[in-house]
Amino acid sequence: MRYEIIGGGKSVEVDFLAEDGKLEISTDKRRASFDIVSVQPGVYSVLMDNRSFVVGVGTRNGQKLNVNGTPVSLELLDAVHLHLRDLGWESMEESRAGLVNTQIPGLITRIFHVRGDEVSEGEPLFLIEAMKMENEIRAPISGTIIKISVQEGQTVDKGTTIVEIE
Amino acid sequence: MRYEIIGGGKSVEVDFLAEDGKLEISTDKRRASFDIVSVQPGVYSVLMDNRSFVVGVGTRNGQKLNVNGTPVSLELLDAVHLHLRDLGWESMEESRAGLVNTQIPGLITRIFHVRGDEVSEGEPLFLIEAMKMENEIRAPISGTIIKISVQEGQTVDKGTTIVEIE
Amino acid sequence: MFKKILVANRGEIALRVMRTCREMGIETVAVFSEVDRSAPHVLFADEAYLIGAAPSSESYLKYDKILDVAKSSACDAIHPGYGFLSENTDFAKLVTAAGIVFIGPPAEAIKTMGDKTMARQSMLQTEVPVVPGTEDPIEDISKARSVAEKIGFPVLIKAAGGGGGKGMRIVNSAEEFEDAVGKAQRESQSAFGDGRVYIEKYLEEPHHIEFQILADQFGNIIHLNERECSIQRRYQKVIEESPSPFIDEALREKMGEAAVETARSCNYVGAGTVEFLVDKYKNFYFLEMNTRLQVEHPVTEMITGTDLVAEQILIAAGEPLTLKQDDVKTTGHAVECRIYAEDAAHDFAPSTGQIVLLQIPDGAGTRFDGAIRQGMEITPYYDPMLGKLICWSKDRNSALNRCERALREFYIGGIETTIQFCRSVIRHPAFREGSYDTHFYSLHKEELLAELASSSDEVLLVAGGTLFQHTEQQKHRAHHDSSKQSSKSKWLDSRAERNHR
Amino acid sequence: MFKKILVANRGEIALRVMRTCREMGIETVAVFSEVDRSAPHVLFADEAYLIGAAPSSESYLKYDKILDVAKSSACDAIHPGYGFLSENTDFAKLVTAAGIVFIGPPAEAIKTMGDKTMARQSMLQTEVPVVPGTEDPIEDISKARSVAEKIGFPVLIKAAGGGGGKGMRIVNSAEEFEDAVGKAQRESQSAFGDGRVYIEKYLEEPHHIEFQILADQFGNIIHLNERECSIQRRYQKVIEESPSPFIDEALREKMGEAAVETARSCNYVGAGTVEFLVDKYKNFYFLEMNTRLQVEHPVTEMITGTDLVAEQILIAAGEPLTLKQDDVKTTGHAVECRIYAEDAAHDFAPSTGQIVLLQIPDGAGTRFDGAIRQGMEITPYYDPMLGKLICWSKDRNSALNRCERALREFYIGGIETTIQFCRSVIRHPAFREGSYDTHFYSLHKEELLAELASSSDEVLLVAGGTLFQHTEQQKHRAHHDSSKQSSKSKWLDSRAERNHR
């Protein structure tokens, strides 16, 4: 099966060959055989041609890995997804770029705008306090604020949508 | 509910009172209130009148506990069991005292007897090698060997019955 | 000696203090907020008492409640750790008034030195040089702005009521000034319950170098050399080391004497830290004095073989110092990496969640002062520091090698941490050479973050192969489950059918 | 310097060696048996190769296979750790012949010193005093018995081919003699592949004291002071410390010189340990020399600030020693507790199973050299040592306090360990006073085991209350499950009924 591994600022095209529980992988440059055992749920000991790696696979998001203690963000695209991407479908996600979510849970201490305000990319939208630090969240795109879902002084969970920009 | 706690070379009679998820315990000497939370499966943080303890409860055998790093073997007998014990039922287990099991997995390197031999309590029965140490297993009671279930050179699992004495 | 000490803190420092108490045969009392019921300091202590809700203003800053616990549990002393109530004059006074020993300096010394503007005023009376800046906290914003203009931008805005980089802002121009003051005031208020801030000249190419001092109740004061703390981000220290690669023996002696003089000027008692800024010409200026145990104190412990918490306790119990200045001998080199629950790639945004996997490094010269365990939830309520990795070896180079090895062994899964960021710093040529100042992070930010984001081809293949296998197994499992499911419902159907017949 | 080192070992010592290799920028190669596929040393190494089945005779002792791996993976050196092949002359020769550096002494020195009887013969040529005993391994049992009778019972039977207490037996009378020789021979054969044993006078009230030495390829030899190793059970060390509370400076100097002379007599190169017995009159006798890294080497590292594995590697690479005898300065006191998977209450029977919970102590002066992790299975195939806790502090008393604190923090759930036993020893008054010899365990066995078995009333109440709650919750859960079950089957029944109508 042909896949593309995208991460760490580059991409590699590979063929996976899984047979009798053994995995082989080949690129145009090299061929490698894998010996993968599970050490605990989501953690693997990987011997790739006898090179030893400990690999953690994130439970929430399978594409966030950790190799020998180093975080690696990865996309593994199979032929179908590669084709879709070539057709330009990858940009589907971007239409929701105006949704500003909290990356951290915390207390909204300040909101700088009201509905209808025009904002430019990079302009501060609101302040969220977590772990005693005030964090300024800025507009990811330029546009009009069409919705503000919280009030100052409100405590929010991780991933809550605070502002919508269109 | 009245219970007897037996362990650490002594026994204490206690009353347990569980109400609204809170546990109270009283003996003839003291009364204590418990705040118990689970830290991970089988491990509890216990505040007994605000004294802090970390208690592990063995997964295989609920009566083997660990309090602040110290192993404690415990029996918790309720009224019914206390009554049975008073009637002499506790000795039921002892009739099987002639079964000699391996406490450890390992290699049987030597058996000193054959079926029909008379042995005295404390006499060596066989040698088992584990973790590179040879361990001598002795007769728990005096009597006649009525069964030997393994041969020299055989590898056995933990808990295997090796010799039966009657 | 004390029989029972209440530790008015949480996290790694509470554990750190309790460890020494236990070694000294002293019982320990923990206090905790509702979200901290099963926090490591609660599990470690001999006794533990709930003092309130999660926000620190309702628990760890509630000094009346903490004092009540100390009294009712018959503690003879209170150790405040760092942060929270450690530099709160009122608390120190109340504790002392209740007949309980406050393990820290006299309230008067906290007042003088804890208040940064008062400290500056006080230090202007001594021979110790002071950084130019405002003498009083900012009240009138336009007056403050003109002071800033007179000193010359950039200036620093700093919290008067506490340290640790909280409430600190660098201001490059008059336009940014008012906004920055507001932010700094709000942060200070939230962190220390004191919104006062002041202005200081921002020195260029400065080193942040501090001296550890110990003073007993009999006027004996010694210093235990410096700690180099110039590696900072967000105005907060992230890596510290001792000895400083920038300081020579002559300067060390001069600065050490200035540190002792500083302590003497405020009749200091206990362990304290005198912070200096040193410019590229090796001029040094008094910056502030922290009247408490410092986060990075283990660095000094490892090169001097002392236990600073034990020293604090002995001093508070009225023992004279056993060490004289000439007895202070250092061996080797120590480096500390602070491990924060933060995402370095996203401007060090705090990261919360469950620690699903934990592997703490160990071995020769490797110490971890932390308060974490696998399965534990990191909440958004408190400081994001998870712990500190401290590595010692016979010289700077081997200590850094050890640190790099230990960081590679260190794995915290489930949340973002600064482990990788610290590794990038330790590997950076400028840091390796010891030629760095407080601008290190801003100067090398791009390279450091680029290193964080990049992966070798080998790592990509390994990650890709493992993700493939992981996904296949999950598909297999899902398929297996659903086929069991479907065979079950088929069975039900057939049973139902049979019944229909 | 070497680019890649194969570590021909497993467990804590493999990890220990690899940590230093990584710090020195040297790549590491692990070898592993089938049951060790996910063992810590495999996960730590840069490369890992399967070499055979679980029994060590089919894997970790298979030197042809290990040498093949070293060659095919382009290693320039092999570190043997301790045990397994570390004192195997043939292996050392083969490695050297293959053009790979053996990190250890020359085969000739291993041969002389590794063979205990040959070592005795060799030492009789020097000024160093030797314990009375047989010069050759036992061949004729009755001849051996008469030697034993001439020396006078009790005598010790010891393995000629290896150390660590394996194949060792104390014999109190002529009647026990033959049986004991047989057992010792079998154990030696199994442990070292060499069944030869010899006899030695059993000294009364003896201390087991050993000196760490370092010798480079240029004839420079130094010692790094002693380790006191008299706390033993089953003839195996369990707690070691340095300095020895029994040794004074004059004796230290004399014994140190004897240790250096011993190393010189066999043209020793590398790190080695010269073991002595010291009687109550402070007469000392050469016992044996271990021509490898010793289990308890961290004790020396912590008081001297050295990295003995780094020294081994530098020496093997042809570097001259940088330390001279006069440079060896020690600071403070260090104690090591060996943590075995053994049940102290049942004569230290090995304990196998899964580590279901693990909490490793940490903090100031606290080091753990281990190779365990939560969820890991402890198999019956190898040495039961899980790791070593080493605590350092400025003096003996505070080091013991620290050790006690750390042992209390240490928790390994799922298998039996010697954690509690070590704690009982550390707390014992005789040990505390430093007045103990190798009979400590047999003298105080009853008290030590009684302490292990006893619990305070408070602990009983806590344990009882927790067990009650645990049991209630499990009942509740079981009831909940079964009621879900029964309501489900009721639903099925009613459905079936409905269908019947």
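The figures here come from the full heavy-atom set of this structure, side chains too, leaving out hydrogens, waters and symmetry mates. As the structure is a prediction and not an experimental result, all values here were calculated from the model. Chain A is the first sequence line, chain B the second, and so forth, proteins listed ahead of strands; every chain is numbered from 1.
Residue contact with chain A, scored on non-hydrogen atoms closer than 4.5 Å, involves the backbone and the side chain of C/Asp457 alike. Looking at A/Thr27, only its side chain comes within 4.5 Å of chain C, counting heavy atoms on both sides. With a 4.5 angstrom heavy-atom cutoff, A/Glu75 does not touch chain C via any of its atoms. Heavy atoms of A/Leu127 lying under 4.5 Å from chain C belong exclusively to its side chain. With a threshold of 4.5 angstrom between heavy atoms, C/Ala453 approaches chain A through N, CA, C or O but not through any side-chain atom. In this structure, the portion of A/Glu136 lying under 4.5 Å from any heavy atom of chain C is its side chain and not its backbone. Only the side chain of C/Gln473 comes within less than 4.5 Å of a heavy atom of chain A; its backbone N, CA, C and O stay farther away. Neither the backbone nor the side chain of C/Ile412 comes within contact range of chain A; no heavy atoms are under 4.5 Å apart. For chain A, the nearby parts of C/Ala341 are the backbone and the side chain; heavy atoms of each come within less than 4.5 Å.
In the model, A/Asn101 has a side-chain atom that pairs as donor or acceptor with a side-chain atom of A/Thr161 under 3.5 Å. At a cut-off of 3.5 Å, with distance as the only test, a side-chain donor of C/Ser33 or C/Tyr382 sits close to an acceptor on the other residue. Side chains of A/Thr144 and A/Glu166: no donor on one and acceptor on the other come within 3.5 Å. In this model, no donor atom of one side chain and acceptor atom of the other lie less than 3.5 Å apart for C/Ser56 and C/Arg10.
Between C/Phe468 and A/Phe16, the two ring planes are parallel [angle under 30°; tilted spans 30° to 60°]. Between C/Phe84 and C/Tyr60, the angle of the ring planes stays under 30°, which puts this pair in the parallel group of the 30/60° scheme.
Each of C/Gln359, C/Lys183, C/His346 has some count of heavy-atom pairs under 4.5 Å with chain A, and the biggest count is that of C/Lys183. If you tally non-hydrogen atom pairs under 4.5 Å between each of C/Thr471, C/Leu460, C/Asp383 and chain A, the highest count goes to C/Leu460. Of the listed residues A/Leu23, A/Ile25, A/Val54, A/Val14, the one with more heavy-atom pairs under 4.5 angstrom with chain C than any other is A/Leu23. Most heavy-atom pairs under 4.5 Å with chain C, from the set A/Ala18, A/Pro71, A/Ser73: that is A/Pro71. Of the listed residues (C/Glu409, C/Gln374, C/Glu342), the greatest number of heavy-atom pairs within a distance under 4.5 Å of chain A belongs to C/Gln374. Taking C/Glu472, C/Glu187, C/Gln469, C/Glu458 one by one and counting their heavy-atom pairs under 4.5 Å with chain A, the maximum is reached by C/Glu458.
Cation-pi geometry between C/Arg423 and C/Phe410 is not satisfied (NZ or CZ under 6.0 Å from the ring centre, within 45° of the ring normal). Both tests do not hold together for A/Arg110 against A/Phe126: distance to the six-membered ring centre under 6.0 Å, angle to the ring axis within 45°.
Looking at every heavy atom in both residues, C/Ala159 comes nearest to C/Phe192 through CB-CE1, 3.9 Å.
Between C/Tyr340 and C/Phe421, the ring center distance fails the sub-6.0 Å criterion.
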